[in-house]
Amino acid sequence: HVGMSTFQVALADFFAQRSGDAAFEGSPTKMYKAMACHAELRSKVYAHGVPYALRGMIWLSWSGALDSRDMAPTHFDELVARLPEQFGAALTDPRSEVNQDVHRTLASHPLFDCGSGPGATHLRLILFAYLAHSGRRYHQCFSFIAAALLLNVDNPQDAFWLFVSL
């Protein structure tokens, strides 16, 4: 364990204790959920944070977002498909609250690039899909929260479900 962080040591011990456990074979979801119940590992996460490489999957699993996504695997895509019908011109109107915020959210980050990067497109979809899903009004802080989630997961659908779980 020389040169390993306390989290890495706890994680290595966790996996060593469970190697060969048939209940976890081929199921990363079950493994991440079991990690949430492991007291020593959980205390290391609380004390030191989640390592970046594991952050997205642990957040998805521990927040319940993974369960929500798995119960409704097509929900996000269905919401996105109905956005033009539900929001019309607001989707592309630069004066809409969502688009104004997307333009300013992490503007210097290459993923968002003043509202024109690929992350900005995903951010717009997440925000409008969330409004359609929840029926709530838009709030300025939504864009920064959703952007932070996008930076830590692999795709907009996972970021959407994390956002919903908040």
Side-chain angles (χ1 to χ4, degrees), residues 7 11 23-38 41-42 45-46 49-166:
F7 181 85
L11 189 61
F24 300 115
E25 291 300 316
S27 177
T29 303
K30 288 181 183 176
M31 184 63 81
Y32 283 109
K33 286 180 182 179
M35 288 168 61
C37 299
H38 189 266
L41 192 56
R42 198 174 55 243
V45 166
Y46 294 153
V50 178
Y52 183 76
L54 299 174
R55 196 168 289 162
M57 195 57 181
I58 287 178
W59 284 1
L60 282 163
S61 178
W62 292 11
S63 69
L66 201 55
D67 292 331
S68 297
R69 185 194 72 189
D70 291 347
M71 285 189 291
T74 61
H75 183 62
F76 176 72
D77 293 331
E78 291 165 1
L79 287 171
V80 169
R82 289 194 311 262
L83 291 179
E85 173 186 319
Q86 186 165 357
F87 292 99
L91 287 173
T92 56
D93 184 349
R95 296 167 299 178
S96 77
E97 286 182 282
V98 170
N99 287 320
Q100 285 180 9
D101 274 357
V102 166
H103 184 74
R104 336 179 243 254
T105 302
L106 304 179
S108 63
H109 192 286
L111 188 64
F112 299 100
D113 193 23
C114 292
S116 61
T121 301
H122 293 149
L123 184 56
R124 234 178 245 102
L125 290 177
I126 291 164
L127 295 172
F128 278 112
Y130 176 75
L131 296 176
H133 170 81
S134 69
R136 294 189 174 139
R137 291 188 61 230
Y138 181 75
H139 295 279
Q140 233 177 356
C141 65
F142 286 0
S143 64
F144 283 95
I145 295 167
L149 298 173
L150 265 173
L151 291 173
N152 287 282
V153 296
D154 294 332
N155 60 68
Q157 180 182 21
D158 287 346
F160 166 79
W161 284 113
L162 270 171
F163 194 77
V164 167
S165 75
L166 300 174

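Quantities reported herein were computed from a predicted structural model and do not represent experimental measurements.
- With a 4.5 Å cut-off on side-chain heavy atoms, Ile145 and Leu166 count as touching.
- Legend: residues meeting ring pair (Phe, Tyr, Trp, His ring centres under 6.0 Å) with Phe144, ordered by chain and number and at least two apart, are absent.
- Glu78 contributes atom CD, which lies 12.0 Å from atom CG of Leu83 (distance to the nearest 0.5 angstrom).
- To the nearest 0.5 angstrom, Thr105 atom OG1 is 8.5 Å from Gln140 atom CD.
- In this structure, CG in Leu123 is found 13.0 Å from NE2 in His103, a value given to the nearest 0.5 Å.
- One N or O on the side chain of Arg124 and one on the backbone of Gly115 form a donor-acceptor pair closer than 3.5 Å.
- Separating the CG atom in Leu149 from the CG atom in Asp158 is a distance of 10.5 Å, to the nearest 0.5 Å.
- Residues Phe160 and Val80 fail the side-chain proximity criterion, which asks for heavy atoms closer than 4.5 Å.
- To the nearest 0.5 Å, atoms CZ (Phe76) and NE2 (His133) are separated by 11.5 Å.
- Between the side chain of Asp113 and the backbone N or O of His109, no donor-acceptor pair lies under 3.5 Å.
- No side-chain heavy atom of Leu127 sits less than 4.5 Å from a side-chain heavy atom of Asp101.
- Ring centroids of Phe142 and Phe163 are separated by less than 6.0 Å, placing the two rings close together.
- Within a 6.0 Å radius of CG in Asp77, other residues, nucleotides and ligands contribute more than 12 heavy atoms.
- Here the CZ atom belonging to Arg69 is positioned 12.5 Å from the OG1 atom belonging to Thr74, to the nearest 0.5 angstrom.
- Put simply, the side chain of Ser63 gets close to the backbone of Trp59: a donor and an acceptor are under 3.5 Å apart.
- No donor-acceptor pair closer than 3.5 Å links the side chain of Glu97 to the backbone N or O of Arg137.
- A 4.5 Å side-chain heavy-atom check between Leu150 and Phe112 finds at least one atom pair inside the cut-off.
- Contact detail for Leu79 and Ala129: the closest heavy-atom pair is CD1-O, 3.6 Å.
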Derivation and outcome, side chain to side chain contact (heavy atoms under 4.5 Å, CB included), residues Met57 and Leu66: CA-CA 9 Å; Met57 195 57 181; Leu66 201 55; 3.8 Å; yes
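- Note on ring orientation: taking the six-membered ring where Trp is involved, the planes of Trp161 and His75 are tilted (angle from 30° to 60°).
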Show the atom names and distances, to 0.1 Å, of all donor-acceptor pairs under 3.5 Å that link a side chain in residues 86-96 to residues at least two apart or in another chain.
unit_1 : atom_1 : unit_2 : atom_2 : d
Asp93  : OD1    : Arg95  : N      : 2.8
Asp93  : OD1    : Arg95  : NE     : 3.1
Asp93  : OD2    : Arg95  : NH2    : 3.3
Ser96  : OG     : Ala90  : O      : 3.2
Ser96  : OG     : Asp93  : O      : 3.2
Ser96  : OG     : Asn99  : N      : 3.2
Ser96  : OG     : Asn99  : ND2    : 3.0

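- Residues Ala146 and Ile126 approach most closely at CB-CG2, 4.1 Å, considering heavy atoms.
- Looking only at side-chain heavy atoms (C-beta outward), Val98 and Leu131 come within less than 4.5 Å of each other.
- Listed by chain and number, the residues in a side chain to side chain donor-acceptor pair (under 3.5 Å) with His122 amount to none (sequence neighbours excluded).
- No side-chain heavy atom of Ser134 sits under 4.5 Å from any side-chain heavy atom of Val164.
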